[in-house]
Trainee: 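First the structure, which I've put down as structure tokens, then a few questions once you've had a look.
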Amino acid sequence: MIKKESTKNLILGIDTSCDETSVAITQNDRILANAISSQIELHKKYGGVVPAIAKREHEAKIDFVILEALKNAGKILNRKLGIEDMDAIAVTYGPGLAIALEVGIKKAKELCEKYNKKLIAVNHMEGHLLSSLGLNSHGNGDISYKTLKYPVLGLLISGGHTQLILMKEIGKYELLGETLDDAVGEAYDKTARMLGLGYPGGRVLTEMAKLGSADRITFPIPMAKNPSLDFSFSGLKTSVYYTVKKLTEDGKTLSKEQVYDFSRSFEVSAISQLQIKLEKAIKQIEPKTVLVGGGVTASAKVRFGLRKIAKKYGIDIYFPSSKMSTDNGAMIALVGYFKYLRKEFADMDLDRNPNAELFTKD
Ligand code: KG4
Ligand code: ZN
């Protein structure tokens with residue numbers, strides 16, 4: 001007979017912050033299911049995320065994605081799961097697109113009321129920061145929150161954020177440095193657009209870079225000499241812009257080789273800056289562990305470059321699994337679990353906060 005597993009400590013996590021409708025179920029720090037419905041195809045023709053379309057799609061898909069997550073988690077536990085089996089419902093309250101966030105929050109509240117469950121409010125960036133701590137459905141992973149060695153240095157590299165964070169314990173974060181202009185993912189996306197690679201550009205640019213060489217053109221590395229832990233990517237983006245502009249005067253188009261090479265050179269500059277700042281932060285903070293999170297970790301070149309720096313200082317560095325690099329509900333359920341342990345529940349008047357910060361300012 002197949003053994004039914006316990007339904008203790010189950011958290012359902014919902015993320016509708018941008019263009020993915022995602023619902024996940026965790027048991028402790030183990031990810032049982034991580035269902036994602038992507039809207040990329042819908043936004044593609046507009047060259048970016050259209051908030052009203054994102055909202056409509058979240059509304060259309062959320063019930064289906066919840067059912068999918070329950071079904072998948074049920075398969076892992078060998079039992080039929082329903083919302084009644086959950087111990088709490090965690091939801092992203094920000095940062096993100098206001099009208100998109102509202103869809104997830106409304107659904108989470110509805111479920112809490114109907115099934116008498118506790119609500120947990122999760123900051124999307126805390127989700128990315130801790131995403132490498134999620135264990136797979138078998139309960140295996142490279143690192144467990146239980147054995148995490150502090151101080152931890154966090155590096156967030158997403159479409160909206162580029163931040164270095166000091167983490168003294170889970171839930172206590174201090175900002176060490178951040179981008180003064182564009183986020184690194186945003187720079188990838190904008191550069192991709194300039195090179196005619198469409199939306200969403202970051203992933204495509206990374207693919208194009210594999211075919212190019214950085215020997216034929218060099219782009220600057222902003223902030224390389226600046227002693228702070230802040231970043232800047234707009235100068236790099238502008239440099240690509242003027243290079244492309246000059247070459248496409250008189251109606252000319254870039255050759256394929258130029259697109260490949262510019263992608264590679266952009267990548268080299270962006271990764272170099274991340275490496276320089278990570279190294280500075282390691283020297284300053286002397287962390288025992290580095291946790292990296294956010295969509296740009298999907299690039300193997302980025303992971304390789306950052307790992308090289310940590311290795312030089314003998315520090316352990318961790319990245320999210322591929323399904324937890326870009327937006328996902330699993331990281332929300334995971335942070336939800338940590339908050340559940342601390343009994344940090346939200347009120348039913350929880351509101352979205354499109355600009356939510358992870359840091360408490362004193
Ligand atoms: O963390 P994320 O999914 O959403 C935010 O919270 O912002 O990050 C999205 C960012 C986008 O800028 C996207 O271009 C970038 O992550 N990204 C990548 C790759 N996949 C996603 N950048 C470089 N290489 C990739 N393979
Ligand atoms: Zn994100």
Side-chain angles (χ1 to χ4, degrees), residues 11-18 20 22-26 28-29 31 34 88-97 100-101 104-105 108 118-135 141 143-146 148 150-179 183 185 287 289-297 318-321 323-346 350-362:
I11 311 286
L12 183 117
I14 302 175
D15 187 86
T16 61
S17 60
C18 193
E20 326 265 8
S22 183
V23 179
I25 295 173
T26 51
N28 306 319
D29 49 347
I31 316 295
N34 187 19
I89 311 287
V91 64
T92 303
Y93 70 95
L97 300 169
L101 290 163
I105 295 173
K118 296 236 186 275
L119 180 67
I120 300 175
V122 176
N123 181 302
H124 182 83
M125 299 319 294
E126 186 172 9
H128 279 305
L129 181 62
L130 304 183
S131 55
S132 54
L133 303 178
L135 305 182
I143 170 90
S144 155
Y145 77 96
K146 290 179 189 151
L148 198 56
Y150 294 91
V152 170
L153 176 66
L155 174 59
L156 284 176
I157 44 176
S158 74
H161 292 72
T162 308
Q163 294 180 324
L164 276 159
I165 293 160
L166 172 62
M167 173 171 151
K168 291 181 180 148
E169 59 183 90
I170 289 178
K172 290 226 161 62
Y173 310 111
E174 215 175 280
L175 181 64
L176 300 171
E178 65 182 336
T179 184
T289 316
V290 177
L291 298 184
V292 193
V296 181
T297 62
Y318 299 97
F319 299 90
S321 62
K323 258 195 105 182
M324 286 179 75
S325 281
T326 47
D327 290 349
N328 66 89
M331 65 186 195
I332 304 307
L334 183 67
V335 173
Y337 171 63
F338 296 138
K339 292 194 148 192
Y340 172 77
L341 290 177
R342 301 199 301 269
K343 299 191 169 33
E344 277 181 35
F345 300 112
L350 172 71
D351 198 3
R352 86 275 188 290
N353 182 353
N355 304 310
E357 292 267 6
L358 198 49
F359 315 98
T360 39
K361 294 195 179 83
D362 10 60

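Worth knowing before you read on, the calculation uses all heavy atoms, side chains too, and leaves out hydrogens, waters and symmetry mates.
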Trainee: What residues, two or more places apart in sequence or in another chain, satisfy ring-ring contact (aromatic ring centres under 6.0 Å, His included) together with F338?
Mentor: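 If we apply the ring-ring contact (aromatic ring centres under 6.0 Å, His included) test to F338, skipping adjacent residues, the hits are Y145.
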Trainee: Could you tell me if the side chain of P95 sits less than 4.5 Å from the side chain of H161, heavy atoms only?
Mentor: yes
Trainee: Could you go through the side-chain contact (heavy atoms from CB on, under 4.5 Å) check for H128 and D327 one step at a time?
Mentor: CA-CA 8 Å; H128 279 305; D327 290 349; 3.0 Å; yes
Trainee: Would you give the length of the straight line joining atom CD of E174 to atom CG of L164, rounded to the nearest 0.5 angstrom?
Mentor: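 So the CD of E174 and the CG of L164 are separated by 12.5 Å.
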Trainee: Atom OG1 of T289 and atom CD1 of I143: how far apart are they, to the nearest 0.5 Å?
Mentor: 6.0 Å
Trainee: So, taking the atom named CD1 in I120 and the one named CD1 in I11, what distance separates them when rounded to the nearest 0.5 Å?
Mentor: 4.5 Å
Trainee: Taking the side chain as every heavy atom from C-beta outward, state whether Y150 and M167 have any pair of such atoms under 4.5 Å apart.
Mentor: yes
Trainee: Could you go through the side-chain contact (heavy atoms from CB on, under 4.5 Å) check for D29 and L133 one step at a time?
Mentor: CA-CA 7 Å; D29 49 347; L133 303 178; over 6 Å; no
Trainee: Spell out, as yes or no, whether a donor-acceptor pair under 3.5 Å connects the side chain of N353 to the backbone of D351.
Mentor: no
Trainee: Apply side-chain contact (heavy atoms from CB on, under 4.5 Å) to the pair N34 and S22, showing each step before the final yes or no.
Mentor: CA-CA 7 Å; N34 187 19; S22 183; 3.6 Å; yes
Trainee: Any side-chain heavy atom of Y340 sitting closer than 4.5 Å to one from K118?
Mentor: no
Trainee: Just by modelled atom types, is the A121 backbone N or O under 3.5 Å from a matching donor or acceptor in the K339 side chain?
Mentor: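 Indeed, once roles are kept as given, a pair shorter than 3.5 Å links the two residues.
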Trainee: Check whether any side-chain heavy atom of E357 sits under 4.5 Å from a side-chain heavy atom of L175, and report yes or no.
Mentor: no
Trainee: Are side-chain N/O atoms of D15 and T92 paired as donor and acceptor at under 3.5 Å?
Mentor: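 Yes.
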Trainee: With side-chain contact (heavy atoms from CB on, under 4.5 Å) as the criterion, how do E126 and M331 come out once you've worked through the C-alpha distance, each side chain's angles and the decisive distance to 0.1 Å?
Mentor: CA-CA 8 Å; E126 186 172 9; M331 65 186 195; over 6 Å; no
Trainee: To the nearest 0.5 Å, what is the distance between CG on L350 and OH on Y93?
Mentor: 8.5 Å
Trainee: Taking all atoms of both residues into account, what is the closest heavy-atom pair of L156 and L129, and its distance?
Mentor: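 Scanning both residues, the minimum pair turns out to be CD2-N, 3.6 Å.
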Trainee: For L130 and L334, which heavy atoms make the closest approach, and how far apart are they?
Mentor: O-CD2, 3.4 Å
Trainee: Any non-hydrogen side-chain atom of F359 less than 4.5 Å from a side-chain atom of Q163?
Mentor: yes
Trainee: To check you understand the geometry: which heavy-atom pair defines the closest contact between S131 and M324, and what is its length?
Mentor: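 The pair with the smallest heavy-atom distance is O-CE, 3.5 Å.
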Trainee: Looking only at heavy atoms, which two atoms of G336 and A90 are closest? And how far apart?
Mentor: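 G336 and A90 have their closest heavy atoms at CA-CB, 3.9 Å.
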Trainee: Are side-chain heavy atoms of L176 and L153 found at a separation under 4.5 Å?
Mentor: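 In short, these two side chains touch, coming nearer than 4.5 Å.
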Trainee: Check whether any side-chain N or O of S17 sits under 3.5 Å from a backbone N or O of G96 as a donor-acceptor pair, and report yes or no.
Mentor: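 No.
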Trainee: Would a distance-only check, ignoring hydrogens and angles, find a side-chain to backbone donor-acceptor pair under 3.5 Å from T16 to A100?
Mentor: yes
Trainee: Determine whether Y318 and V290 make a side-chain contact, defined as any pair of heavy atoms from C-beta on separated by less than 4.5 Å.
Mentor: no
Trainee: Which residues pass the side chain to side chain contact (heavy atoms under 4.5 Å, CB included) test with A108, sequence neighbours left out?
Mentor: I14, I89, V91, L119
Trainee: What is the minimum heavy-atom distance between L97 and C18, and which atoms define it?
Mentor: CD1-CA, 4.2 Å
Trainee: Looking at A183 and G160, what are the two nearest heavy atoms and their distance?
Mentor: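 Here A183 and G160 meet closest at CB-C, 3.5 Å.
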